[in-house]
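Take a look at the structure below.
Lettering of chains follows the sequences in order, A, B, ..., and the numbering in each one begins at 1. This structure is a prediction, so every number in the text was calculated from the model and none was measured.
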There are 4 protein chains.
Amino acid sequence: MTPSPIRFGLIGTGRIGQVHAVNIAASPDTTLSWVADPFIAGATGVTERFGGRATESADELLASGEVDAVIIASPTPTHVDLIAAALDRGIPVLCEKPIDLDLARVDALRPLVAASGVPVGLGFNRRFDPAFAEVHARVGAGEVGELEQLTIISRDPAAPPASYIAVSGGIFRDMTIHDFDMARFFVSDIVEVSATATTTFDDGAREHGDVDTAVTVLRAASGAIVTIINSRHSASGYDQRLEAFGARGSLQVANAGTSLVSASTATSVEARPPYQDFFLERYAASYAAELAEFVKSVRGEASTSPTFEDGRAALVLADAAQRSLVERAAVAVSFD
Amino acid sequence: MTPSPIRFGLIGTGRIGQVHAVNIAASPDTTLSWVADPFIAGATGVTERFGGRATESADELLASGEVDAVIIASPTPTHVDLIAAALDRGIPVLCEKPIDLDLARVDALRPLVAASGVPVGLGFNRRFDPAFAEVHARVGAGEVGELEQLTIISRDPAAPPASYIAVSGGIFRDMTIHDFDMARFFVSDIVEVSATATTTFDDGAREHGDVDTAVTVLRAASGAIVTIINSRHSASGYDQRLEAFGARGSLQVANAGTSLVSASTATSVEARPPYQDFFLERYAASYAAELAEFVKSVRGEASTSPTFEDGRAALVLADAAQRSLVERAAVAVSFD
Amino acid sequence: MTPSPIRFGLIGTGRIGQVHAVNIAASPDTTLSWVADPFIAGATGVTERFGGRATESADELLASGEVDAVIIASPTPTHVDLIAAALDRGIPVLCEKPIDLDLARVDALRPLVAASGVPVGLGFNRRFDPAFAEVHARVGAGEVGELEQLTIISRDPAAPPASYIAVSGGIFRDMTIHDFDMARFFVSDIVEVSATATTTFDDGAREHGDVDTAVTVLRAASGAIVTIINSRHSASGYDQRLEAFGARGSLQVANAGTSLVSASTATSVEARPPYQDFFLERYAASYAAELAEFVKSVRGEASTSPTFEDGRAALVLADAAQRSLVERAAVAVSFD
Amino acid sequence: MTPSPIRFGLIGTGRIGQVHAVNIAASPDTTLSWVADPFIAGATGVTERFGGRATESADELLASGEVDAVIIASPTPTHVDLIAAALDRGIPVLCEKPIDLDLARVDALRPLVAASGVPVGLGFNRRFDPAFAEVHARVGAGEVGELEQLTIISRDPAAPPASYIAVSGGIFRDMTIHDFDMARFFVSDIVEVSATATTTFDDGAREHGDVDTAVTVLRAASGAIVTIINSRHSASGYDQRLEAFGARGSLQVANAGTSLVSASTATSVEARPPYQDFFLERYAASYAAELAEFVKSVRGEASTSPTFEDGRAALVLADAAQRSLVERAAVAVSFD
């Protein structure tokens, strides 16, 4: 017998919340039951398209008795309290990253999560990108030998508005955090973080004490070294590359083009249209796969969903990078 | 005011019929109203997923008064009669290619189509492939100068069963017909066809007097030359390439990969996973765009949908290629 | 003991003659002994740089008793008589293509060549290009299975002057002849030729009854089909590609770039500088390898040098293509 | 009037010494006059092929009065004394990198070099690689805007023998030193160095306290960040890539292939043969261009040859990287 669809509550209806709503509606395994947003027009906009009941109140959603799992896609400062509220009711949670900008608040929540016995997934959707997942599987199968170097190039198409930077927690907690999780996806025993960063072009970053250009180097106990190269802008589109290198060779993820066409003229050959614009296009498939994997964990099946601990570990790395940046020294890390 | 969705009747529920059903259901501009298939389980399988009423009888579908347009995705020998039946009732038709294997039957239908005053679209969906459409637009904008050479490489992943070849009308009418339409999409004034073909590997083709390997050269009054290179098989996946060449340069369409990953080892570098398997994957976007364009023509808006005349012209080219193959000579063609 | 260097006579000091002079001087196996050119300044220009004695008279060169082998790089109409004169003296010959524009003259020479017992090599240097030679070897080793399709794209960077076209014998004898030899390098049992050609841009070609755009299709007894796509111009540089296709896959030769650099901007990504300009750059390595191979044949060692018969066979194909072009029919060929 | 060729003395006849000998002999601007090597058979081996007189004694070479310039390609510990000896006689020097492993010895030589008034060039030949030079010129012309990130991937094909590592001065002074110079070629105002390195596979490195895997991050006063990714091995061949990134886009240098051929089969597509093996192949053109540029400086013409100060600066960076590695902190650098 086919199991009943998981009834989802969705909290937050911004860009990413809407992506989740589409995927919940599209999957035969899930259904959208309740949608909460204090900006009620956002919530009703979603329920009109994809079904479910709209409310301004996340509490009403959680108390409805009609949600088997909840996706938290509201602003970061609300995450910790919402996770706690869901766990109080025994409702599994898929929370967008980061859990919080403040590791102390995350640590305060940690015992509750550990004791809850229900899945708390973190929205590191890139693990489910078909290309990164393929490289991960092939590295795991030994295709390159022991992993010695992982190089991640991750550049956003354009810097966010200064108002966003003001509350983002800085480049490491806001942008690199995805790359920190990718690093841990491949290399589990990271012991040290060294960061170098500057502000080269973005006045918004300068105004709020943030940086726009960063290189972070992670060292693992095994000897593997991870290099993360970030920029807040990229003229040719969203720049998301990765190379996994070992004794037997390397596996590389190229950027995602927008077309199969190339042009050759008197001045250049094999020129292709720019890369995909940003994460909603580049990682569209990842969000759907992330949901499918989280559903498995809700159902009690074996699942590779990133967990609350993965979310905390990425924040530990972000904090260490920030400290390294200030202290101009390598910073030892532990995920205990 | 948003216009009401077009109510579609779907005749035929094989692989391509099902693709159309998915796209009709997914678009806010269209709805699936009736589905006909003598194999009634095929029809009900579709209506259970996508709505509408199922019937064994195409006549019942056409007579229902509940279809604003019909898609004919039934076996080729039924196309002519079904088009005629739809036009008798003034119902616009989107018919899968080919119209028929026999040009005489197509010509017999021609006056009825011309007199009907309703759109009759032909399912040459590759015109709507984003890559081919992009090259077409850029050539039209003069990017390569006057088009001098169009080269199409079109190889299926594997030969069809002998039973299919027995009734397919041969490689030119069954497989190259898509390439003939692509040729005409770029070069409208074709005047001559020369074909060379052999049977190199496929016993099914040999048994039924067909070929598995073919090169067809089309000459245009303008001087442009189109070369179509076909094979019934391709070890590395569906091989669909095109080059538009002129005085100022060239535009090329590459094959569609299945992954962004490449591998480098001691024996080879930059090796990528095989290409997409076949047309349902490669041209998934094309079918949806084809439907959207046909809806425009049903609504009386300007549309670039391929027409009955396009379907007939491709068949004229296929017949000429077959004659050229037998006569070992170039064959003059006219589309009048 | 190292054998003495082969003493070469060079007849003709145009562009290709000079390439040969450089290679003869650079190799420890060869030395430049005599250089003949009626334009004596051409001959002395070469001997001043690379040694040897200069003369206006090819006869003096051949009669000198100081040449072990001769390279004929003079104008085409002189080839037949010079080959005959060299063979009369028992001197091995490496002759630039084509042997002659008139097959009757070639056939008249044929018995003398057959009876001479000395090597007569033909300058189809592309056989020695590292990339084409690699594909030939890998196809021979069965990497793609039986060869089913060979596709050659061969476009010169710019049309030659009208004065050259006036005496070139037409595109098939002058330009495609290299591609015909490449076709025979891979496919030995060609039985039929079909040509389609037009004049799309070159007034010089039009003036002299030649074409500038051509597609030639060759059919082999085995079923293999060779397609040769030619143009007299190519905006992005010398366009020299090849694909060998069989049941197990394909091998492709890409164009030779001029740089390892690619650029990505807001309007295009991965754009590379144009291709190499023309044959002197693209086939520089081929000329040296051709000489080395010819030296082997002069020394009586096993050699794969193209022969007089290869030169004649290419001309047979060129004549057949020309006849096919006029008759608008496929033309059967035999190399007996 | 053509100037007389520069008469070169060559000290050291190992692999790189021989490369210089070939280039000196091949250029019309240079001639090989004397060759010195304590291993006299090495010296005579060179003079027999390329001319000049052989000696065991570098002093005899310098005192001969027959050398206009000297190339020092002897073991590193001899460099400082040989430079001093040449400058004592007013002879221009092109010295292989590094000047010395000990910055104190370099600094002791520094006043003599500054006072000498004759060119002292350093053998950072990669500056003359056509691809790197092209990117440098295009960045200089503003094609990517202000340079924000320079990423260098530099991996040798295989680790050197343990005996070499024992005296090499470690990965930064021996291998990364080329990348440090490349960094300074693009970014002149480097102020800080952070290094992370491990030993992952090479027992020779482990035995001698060296590392085999390293990532070095350089920060410039301008805000530009340079990332250098090194490994002592690379299964797919010599890995030499670079990306120059700025607000307007990026320029990338790809690896140098050994063939234009790619293969497509049922298991992978577009697979190419491995990259060039090592620096003698990859940088063959660079050595010749380096010599040509040094000749300019000897002639008193404007030249971009790297200087003694460039050699010293690279060593400053190597020392800083080594210190950063030990101290686990960023190290400030100055080139004063």
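By the 4.0 Å N-to-carboxylate-O rule, C:Lys97 lies too far from C:Asp181 to be salt-bridged with it.
Only the side chain of C:Glu143 comes within less than 4.5 Å of a heavy atom in chain D; its backbone stays farther off. The contact between D:Glu134 and chain C is made entirely by side chain atoms (from C-beta outward), counting heavy-atom distances below 4.5 Å. For D:Asn255, the part lying under 4.5 angstrom from a heavy atom of chain C is the backbone only. For D:Arg138, the part lying near chain C is the side chain, with the backbone staying farther off; criterion is any non-hydrogen pair under 4.5 Å.
Between D:Tyr287 and D:Phe279, the ring-plane angle classifies as tilted under the 30° and 60° cut-offs. Note: D:Phe294 and D:Phe8 have tilted aromatic rings, judged against thresholds of 30 and 60 degrees for the angle between ring planes.
A cation-pi contact links D:Arg282 to D:Phe132, judged by a cut-off of 6.0 Å to the six-membered ring centre and 45° from its axis.
Each of C:Ala263, C:Ser250, C:Ala254 has some count of heavy-atom pairs under 4.5 Å with chain D, and the biggest count is that of C:Ser250. For the set C:Ala271, C:Ser262, C:Ala266, the count of heavy-atom pairs under 4.5 angstrom toward chain D peaks at C:Ser262. Counting heavy-atom pairs under 4.5 Å between each of C:Pro130, C:Ser259, C:Ala244 and chain D puts C:Ser259 at the top.
More than 12 heavy atoms of other residues, nucleotides or ligands sit less than 6.0 Å from atom CD of D:Glu281.
No hydrogens or angles considered: a donor-acceptor pair under 3.5 Å links the side chains of C:Tyr283 and C:Gln240.
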